[in-house]
Amino acid sequence: MNSQVRKYIPVGLLVLIAVIVVVAIAQVSRGPTKKPTPERVVPLAPEVAKYKQEPTISLYRHKLGGTVQWLPLEKYLEGVVAAEVGPNPPLEALKAQAIVARTLTLALINYQGGTPEHKTNACDLHTHFQAYDESQVTDKIRKAVSATRGQVLTYNGRFIYAEFHSCSGGKTASIEEAFPKLAEAASAYIKPLASPGMKYAPAKERKWTVKIPRWELKNILGPESGSLDDIKISKRGPSGRALVITAGKASIPAVDLRTQLGPDRLKSTMITSIRPQGDYVVFIGKGWGHGAGMEQWGAYAMAKKGKSAADIVTYYYPGTRVVTLWK
């Protein structure tokens, strides 16, 4: 460019051209702009993906003399929520219960054949499957089930074992403490977690005492248990629950002892002390239920604090997703 032309170009324009050139060079040196990596969505497993519409399930009715009923799943869930928690919890806690019960129902049907002893998908006893009572259903419960219609929890695209219980005693259980046989399947999302339910749980669940006759324990533990004077918790799990109970040369997993004594009698394995007392052995403990997964009183407390159903369930089952299978 000669001097005659240069004197007619404003200095500001020359500066602007220089800036544009510098920016262009910088862009070239950086290479193409990277797009953000989209979140990876795990495809649903075949047993989950097959549910394009609401299924109808068979329900064995112990309370009706062993009759079998066929019910749309959402109708069945109304009776489960009614029997498991009733209408008193906040709506978001009821919705959380509906999501969890729906998930557990489908998990048990697909992975364990429902209730094979009755040749049905489900039954109405909480010790076999989930509690069910259609007579206790209210409009509030219907609303909670309807608001979560088709919603389930998945982990890596599969139904989770969405176990739940009443009161954890302050901390939920690991899957190994509650259901050792499910450890491989569920340990990733059922872990010990602080839970706020003790604030609202009734006194009989916060702390309990039960006296078991020595003869009954000796029948369970066998002759190697001796006098039972040295009965103790010999191993505890990560949440503090009893894992193994020993007496003399005999030992038994705490979950098995609870099963044999009755889960509504020895209310949990969150046992704080065991001591012989005359012809009895006295167990003192906290909480009610196996302790794994969602604590129902904890869900109540979280809903009271303004947490949504999705907040509640994803807290108690970390790493899971809420998926809607049908509308």
Side-chain angles (χ1 to χ4, degrees), residues 51 53-55 57 59 71-107 122 124 126 129-155 159-168 170 172 189-190 193-203 205-206 287-289 291-327:
Y51 290 100
Q53 59 187 15
E54 177 187 4
I57 67 167
L59 174 66
L71 295 170
L73 181 59
E74 301 293 339
K75 194 70 177 176
Y76 163 71
L77 290 172
E78 293 175 0
V80 173
V81 175
E84 290 288 355
V85 291
N88 293 326
L91 182 61
E92 292 302 312
L94 291 175
K95 288 163 65 176
Q97 182 67 53
I99 295 170
V100 167
R102 187 181 293 107
T103 306
L104 184 59
T105 299
L106 293 174
D124 58 11
H126 78 280
F129 201 81
Q130 294 176 105
Y132 174 86
D133 188 349
E134 72 276 32
S135 69
Q136 300 299 315
V137 176
T138 64
D139 287 342
K140 186 178 178 182
I141 289 171
R142 292 187 189 96
K143 182 178 179 181
V145 174
S146 176
T148 63
R149 181 175 172 81
Q151 292 181 10
V152 297
L153 284 161
T154 64
Y155 184 85
F159 292 122
I160 72 166
Y161 283 100
E163 304 291 351
F164 57 88
H165 61 283
S166 181
C167 177
S168 69
T172 65
Y189 54 81
I190 293 185
L193 296 167
S195 190
M198 292 284 272
K199 179 178 179 180
Y200 293 99
E205 296 189 29
R206 293 198 301 270
W288 195 352
M294 188 182 77
E295 181 195 36
Q296 291 164 323
W297 283 110
Y300 185 107
M302 291 177 71
K304 281 282 192 182
K305 290 184 176 180
K307 298 295 184 182
S308 69
D311 292 333
I312 294 168
V313 296
T314 53
Y315 173 76
Y316 282 109
Y317 310 97
T320 62
R321 295 176 58 223
V322 177
V323 175
T324 301
L325 298 183
W326 58 81
K327 295 289 188 180

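In this chain, residues are counted from 1 in sequence order.
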To the nearest 0.5 Å, what is the distance between CG (Leu77) and CD (Glu54)?
8.5 Å
Kindly say whether Ser168 contributes a backbone atom to a donor-acceptor pair with the side chain of Glu295 at under 3.5 angstrom?
yes
Are Phe129 and Thr105 close enough that some pair of their side-chain heavy atoms sits under 4.5 Å apart?
yes
Considering all heavy atoms of both residues, which atom of Glu205 and which atom of Ser166 are nearest to each other, and what is their separation?
OE1-OG, 2.5 Å
Show, in sequence, the C-alpha distance, side-chain angles and deciding distance for Leu106 and Leu73, and conclude whether the side chain to side chain contact (heavy atoms under 4.5 Å, CB included) test is met.
CA-CA 9 Å; Leu106 293 174; Leu73 181 59; 4.0 Å; yes
Output for pair (Thr138 OG1, Glu78 CD), nearest 0.5 Å, gives 9.0 Å
Inter-residue atom distance Gln53.CD - Leu325.CG, 0.5 Å rounding:
12.0 Å
For the pair Ser195 (side chain) and Thr172 (backbone), establish whether a donor and an acceptor sit closer than 3.5 Å, ignoring hydrogens and angles.
no
Arg206 and Ala201: which non-hydrogen atoms are nearest, and at how many Å?
NH1-O, 2.5 Å
What pair of heavy atoms forms the shortest contact from Pro87 to Ile141, and how long is it?
N-CD1, 4.0 Å
Pair Arg102 + Glu74: basic N to acidic O under 4.0 Å:
yes
Residue pair Ile99, Tyr317: steps toward the side chain to side chain contact (heavy atoms under 4.5 Å, CB included) verdict:
CA-CA 12 Å; Ile99 295 170; Tyr317 310 97; over 6 Å; no
So do the side chains of Val313 and Thr320 get within less than 4.5 Å of each other, counting heavy atoms only?
no
Could you grab the distance from atom NZ of Lys75 to atom CG of Leu59, nearest 0.5 Å is fine?
13.5 Å
May I ask you to decide if Gly86's main-chain N or O and Gln136's side chain share a donor-acceptor pair within less than 3.5 Å?
no
Any donor-acceptor pair under 3.5 Å from Lys95 side chain to Ala310 backbone
no
If you count every heavy atom of other residues, nucleotides or ligands that lies below 6.0 Å from Lys140 atom NZ, does the total exceed 12?
yes
Among Tyr155, Tyr315, Tyr161, Phe159, which residue meets the ring-ring contact (aromatic ring centres under 6.0 Å, His included) test with Tyr189?
Tyr155
State, without any angle test, whether Gln97 and Gln296 hold a side-chain donor-acceptor pair at a distance under 3.5 Å.
yes
Could you state the interatomic distance from CG (Asp133) to NE2 (His126), rounded to the nearest 0.5 Å?
13.5 Å
Minimum heavy-atom distance Ala292-Ile190, with the two atoms named:
CB-CG2, 3.9 Å
How far apart are the closest heavy atoms of Ala96 and Met294, and which atoms are they?
CB-SD, 4.0 Å
Within the structure provided, determine whether Arg149 and Trp326 are in side-chain contact (heavy-atom separation under 4.5 Å).
yes
Nearest 0.5 Å, please: how far is OH in Tyr76 from CG in Asp124?
8.5 Å
Taking all heavy atoms of Ala144 and all of Leu94, pick out the closest pair and write down the distance.
CB-CB, 3.6 Å
